[in-house]
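Input: a single structure, listed below in structure tokens.
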Number of protein chains: 2
Amino acid sequence: MPKTPLLLENFLPYRISVAANRISGALSRHYAERFGIGIPEWRVIANLGRYPGLTANEVAERSAMDKVTVSRAVAALEQKKLIARRRDAGDKRKSLLTLSAKGDAVYAEIVPLALGFERELLARLTPQERQALDSAIAKLME
Amino acid sequence: MPKTPLLLENFLPYRISVAANRISGALSRHYAERFGIGIPEWRVIANLGRYPGLTANEVAERSAMDKVTVSRAVAALEQKKLIARRRDAGDKRKSLLTLSAKGDAVYAEIVPLALGFERELLARLTPQERQALDSAIAKLME
DNA sequence: TTGATTTAGTTTCAAATGTAACTATCATGT
DNA sequence: ACATGATAGTTACATTTGAAACTAAATCAA
């Protein structure tokens with residue numbers, strides 16, 4: 001019998017995991033139904049919208065996704081004509097990825113939606129809590 | 001072109017998701033290799049260690065897991081002889097779940113490990129950050 | 001009672017995911 | 001130049017996962 005009882009509902013890793021799933025789930029429901037894209041695809045779009053011309057690997061690094069996940073998301077987005085790839089002339093292994101006109105349109109629509117969602121979340125917190133949450137997450141990531 | 005740029009690396013839902021995955025991943029690696037159990041199984045054990053005699057549905061509610069996930073975790077744990085189920089006499093649809101002696105032993109070993117892991121995480125934060133993180137998570141969960 | 005509805009839990013099926021193996025290209029050392 | 005090793009990206013396979021259908025038992029209504 002351990003001295004310190006473990007209450008899952010107070011256990012930080014558990015609580016963060018549940019919170020993250022709820023938040024991601026709620027957000028992705030928004031753009032899944034409106035745009036028919038999942039989280040990995042959304043992340044690729046978000047990165048390419050901000051940094052056009054990234055390679056798949058660069059997207060993977062930036063978005064903390066597996067390169068396989070990115071590869072599949074890129075293939076799906078290409079199918080949907082939301083992104084375009086052109087081979088890097090200097091290194092033919094690489095593809096430089098950019099949003100298509102259609103992809104840009106989706107991006108322009110999703111970004112305000114995503115930011116609005118984030119704003120709603122942050123509105124529940126006091127400025128101190130926001131600040132602390134921010135640095136806490138940063139420290140937990142190390 | 002949206003006015004407010006969206007930087008994924010500053011976007012709260014994204015950051016929480018990545019942080020949660022890192023933390024869960026690191027923790028589960030610990031007990032996955034030592035005990036051969038995954039996150040759902042661990043959550044079932046944690047609940048039964050603390051509240052013996054729960055039904056599968058009660059575990060599902062308490063642990064924010066799908067009932068299918070719980071059903072499978074319970075089946076796996078039963079196979080491994082870590083838990084025992086006895087039919088509820090009054091309601092034969094229900095099974096009352098408890099840890100076996102072997103399950104108790106695993107529980108007794110995992111709990112300190114889990115709490116130690118949590119302590120390491122929390123050690124990185126100032127008391128204010130801990131407090132704020134705590135209430136921030138609570139508020140985000142609503 | 002009997003029939004209809006709800007609840008606990010399992011099974012089935014399809015989609016999502018990660019690991020490992022693979023292909024193609026590039027870089028390096030000799 | 002050529003062999004060896006690294007890198008970008010894809011494919012194959014096995015595992016995980018959840019939604020929906022299903023079974024069995026309980027509850028409710030007439």
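In what follows, every heavy atom counts, from backbone to side chain, and hydrogens, waters and symmetry copies are set aside. Protein chains get the first letters and strands the later ones, always in sequence-line order, with residue 1 at the start of each.
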A:Thr55 and A:Arg85: side chain donor to acceptor below 3.5 Å
no

Could you verify whether a donor N or O on one side chain and an acceptor N or O on the other, from B:Ser17 and A:Arg43, lie under 3.5 Å apart?
yes

Check A:Arg15 with A:Glu9, please: is the shortest side-chain N to carboxylate O separation under 4.0 Å?
no

State, to 0.1 Å, how close A:Leu8 and A:Tyr14 come at their nearest heavy-atom pair, and which atoms those are.
O-CD2, 2.8 Å

Could you tell me which non-hydrogen atom of A:Leu27 sits nearest to which non-hydrogen atom of A:Ala114, and how far apart they are?
CD1-CA, 4.4 Å

Donor-acceptor pair, side chain of A:Ser63 and main chain of A:Val59, under 3.5 angstrom:
yes

For the pair B:Arg124 (side chain) and A:Leu140 (backbone), establish whether a donor and an acceptor sit closer than 3.5 Å, ignoring hydrogens and angles.
yes

Nearest-nucleotide comparison on DNA chain C, the residue closer to the 5′ end among A:Ile39 and B:Glu78:
B:Glu78

Gap between atoms CD and C1', on A:Glu33 and D:dA19 respectively (whole Å):
16 Å

Go through residues 84-100 of chain B and report each residue with a non-hydrogen atom lying under 4.0 Å from DNA chain C, sorted by number.
B:Arg85, B:Arg93, B:Lys94, B:Ser95

Taking DNA chain C as the partner, which of residues 56-72 of chain B come within under 4.0 angstrom of it by heavy atom?
B:Ala56, B:Asn57, B:Lys67, B:Val68, B:Ser71, B:Arg72

Can you measure from CG (A:Leu48) to CG (A:Leu77) and round to the nearest 0.5 angstrom?
8.0 Å

Separation of atom CD in A:Glu41 from atom P in C:dA15, rounded to whole Å
14 Å

